[in-house]
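See structure below.
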Amino acid sequence: MEAGMVSVDRWTHGSQVYFLTHIHSDHTKGLSSTWKLAPLYCSRITAKLFPSKFPGFNLSLLRIVETGVWYSLSLIAPSSNSLVTVKAMAIDAQHCPGAVMYLFQGEFGCMLYTGDFRWERTSKKAQFGKNMLLNALRDKKIDNLYLDNTYCNPSFMFPSREVAAQQVVDIIASNPDHDIIIGIDSLGKEELLLNISRVLKTKIWVWPERLQTMHLLGLHGIFTTKTSVTRVRAVPRYSFSIDTLEGLNLVRPTIGIMPSGLPWALKWVGENRDPLQSSSRSVSRGDRINRSSNIGSYSNIEMPNMMVKSFERYHKYMYAVPYSDHACFAEIQEFIELLQPDTIKGIVSSSPSYVDPHYYFSHLCRGIQPSCKYQKLERPTERKKDEELHTKYNFGSKKFVGAASEHRRIRPRALHSREGCVSILRRERRGVKILETDCKD
DNA sequence: GCGATCAGCT
DNA sequence: CACAGCTGATCGC
């Protein structure tokens, strides 16, 4: 697809239609209440959340797409000034409520933009998505895959969200006399909270805006803004630190839970050990079970149970649990194996672990022969095709150097630095924002 | 005064 | 470093 037609998660001038994968802020940079460039395609749930994120936004610009349905767009090819048809389909990305991937098809071939996604091997919803995608493709293959490469590094291994949620439940259940604080964002991790609520038969406190979001998502009767009715509170992640917890513990025994895929690699790295070879002496509660030392060979049996009970006590009052809404490395690999794309581009450029996905997966791509495995990485000028889709990914940016050099830079300094781990423990913050507002709910 | 952008922070 | 934000300062209108 040539430039000037379709943008995904990018909101600058120059496209005829715009697609939003999900409504997290890092995908809506440039979008605002007054934005009105062109029709905006998004999922039904995203559309529902739109007014609260962008009050006053002209909702008549929104085009709701259902998953599994082809939508035909008649666009003008700027190069020839002729009318062309682009077909688009949304597929559930299992990242946060409303998150979808977009599959595009046209004269240019097939293109998949994953946005952020997590397709667990054991997830029925993910299997449904896989089937939907393969059915949509029929016998065709993806030419260009724009991939959520957030955790595109073998250091990032974590279990399914189901397993991680059970770890959270275990932590809460084994601390029956403690208040519990869980750090979350403005959208996402709802399934985790629902699981806690269901298993432990408790309501969960959230801040007033978050309660409104829960209601928009159709979740009623589970969340509350009354602190008196529950010991479990989900608080904004940014208001959440060791300092906060130490302050709270002056009043009531309280523990914090940090659900994230990120600290896990950092923790290993902070200890300056090869995450693939290390044993697990650092784990103070729970046991990390054996991992394969061969990153490319998780078996179907091995993977789902990896790191069961591997939650980490970061601090006297703080636990980290590997609950991630992004695919882990093994899932990314499986995804690529399933699709066998011609080329891959990472859409997350800011990750400390950023490497060009080709670094690990070029051998799984049809477009690159093993003999010239790294040729593309060292010659970033070959970008004709990449520039065809106007996406969030900034193809011309100098940030995107070849993976080989990026790899050298990042692994020793960021992924193998001790500071990475320590800084998390040294976070300083003034106080937690727990509003004592009692709203009707 | 307002929105947009950026720096700084976690 | 930052999964995905928040806050405050500054700039242009």
Side-chain angles (χ1 to χ4, degrees), chain A residues 9 11-12 21-36 49 53-57 93-97 99 114-118 148-153 155-156 158 161 164 182-189 192 207 209-210 213 234-245 256-270 314 318 320-329 331-332 346-355 392 399 406 409-433 435:
Chain A
D9 291 352
W11 310 103
T12 51
T21 59
H22 64 291
I23 203 163
H24 276 157
S25 293
D26 54 333
H27 292 253
T28 58
K29 205 190 271 179
L31 196 52
S32 70
S33 293
T34 53
W35 186 95
K36 52 180 184 215
L49 299 171
K53 177 97 176 177
F54 301 110
F57 187 89
Q94 303 292 327
H95 169 66
C96 69
T114 67
D116 293 346
F117 82 101
R118 177 142 204 210
D148 174 10
N149 59 314
T150 304
Y151 293 135
C152 188
N153 183 302
S155 307
F156 291 107
F158 32 77
R161 284 172 289 194
I182 304 170
I184 62 168
D185 291 313
S186 56
L187 187 64
K189 309 249 176 356
L192 169 63
W207 62 102
E209 295 83 355
R210 198 59 160 93
T213 302
V235 304
R237 196 178 50 178
Y238 62 84
S239 74
F240 184 52
S241 70
I242 299 288
D243 273 7
T244 306
L245 281 167
I257 297 173
M258 190 165 58
S260 168
L262 187 59
W264 293 85
L266 291 176
K267 179 65 184 175
W268 291 326
V269 163
Y314 249 64
M318 178 86 90
V321 177
Y323 188 103
S324 169
D325 285 327
H326 292 270
C328 66
F329 184 79
E331 286 162 18
I332 293 173
I347 60 176
V348 181
S349 59
S350 57
S351 166
S353 63
Y354 180 85
V355 292
K392 183 184 171 189
K399 282 179 188 169
E406 192 71 356
R409 184 179 73 76
I410 273 164
R411 287 194 67 124
R413 210 189 61 189
L415 279 182
H416 284 168
S417 76
R418 188 162 284 274
E419 302 94 87
C421 168
V422 173
S423 71
I424 282 180
L425 299 174
R426 286 192 186 157
R427 285 176 182 173
E428 293 189 9
R429 257 260 155 192
R430 285 163 295 282
V432 70
K433 277 200 168 178
L435 304 174

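None of the values given here were measured: they were computed from a predicted structure. So that the names make sense, note that chain A is the first sequence line, chain B the second, and so on, each numbered from 1.
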Rounded to whole angstroms, how far apart are CG on D9(A) and C1' on dC3(C)? 15 Å

Residue pair H22(A) / C96(A): nearest heavy atoms and the distance that separates them: CD2-SG, 3.7 Å

Can you measure Y151(A) atom OH to dC3(C) atom C1' for me and round it to whole angstrom units? 4 Å

Side-chain N or O of H326(A) closer than 4.0 Å to phosphate OP1/OP2 of dC3(C): no

Distance-only donor-acceptor test (3.5 Å): side chain S324(A), base dC3(C): no

May I ask you to decide whether R118(A) forms a salt bridge with D148(A), counting only side-chain N to carboxylate O separations under 4.0 Å? no

Taking the side chain as every heavy atom from C-beta outward, state whether E331(A) and Y151(A) have any pair of such atoms under 4.5 Å apart. no

Atom CZ of F329(A) and atom P of dC3(C): how far apart are they, to the nearest Å? 19 Å

Spacing between I257(A) atom CD1 and dC3(C) atom P, to the nearest angstrom: 22 Å

Scan D325(A) against the nucleic acid and name what it touches under 4.0 Å (heavy atoms): base, sugar-phosphate only, or nothing. nothing

For a quick test of reading the model, state the closest non-hydrogen atom pair linking F57(A) to W35(A) and the distance between them. CE1-O, 3.6 Å

T34(A) side-chain N/O to dA4(B) phosphate OP1/OP2 under 4.0 Å: yes

Would N153(A) and S155(A) count as having a side-chain donor-acceptor pair, cut-off 3.5 Å? yes

Distance check, P atoms only: dC1(C) and dA7(B), in whole angstrom units. 13 Å

Which whole-number value in Å describes the distance from L31(A) CG to dT5(B) P? 12 Å

Atom CG of D185(A) and atom C1' of dA4(C): how far apart are they, to the nearest Å? 5 Å

Under 4.0 Å: is that the gap between some side-chain N or O of S186(A) and OP1 or OP2 of dG5(C)? yes

Taking 4.0 Å as the cut-off, does a side-chain nitrogen or oxygen of H95(A) come that near to OP1 or OP2 on dA4(C)? yes

Counting only side-chain N and O atoms of S32(A), is one of them less than 4.0 Å from OP1 or OP2 of dA4(B)? yes

Between dA4(C), dC3(C), dG5(C), which nucleotide gets closest to the side-chain atoms of S260(A)? dC3(C)

Rounded to whole angstrom units, what separation is found between the NZ atom of K53(A) and the P atom of dC6(C)? 7 Å

Without decimals, in angstroms, what is the distance between H24(A) NE2 and dC6(C) C1'? 14 Å

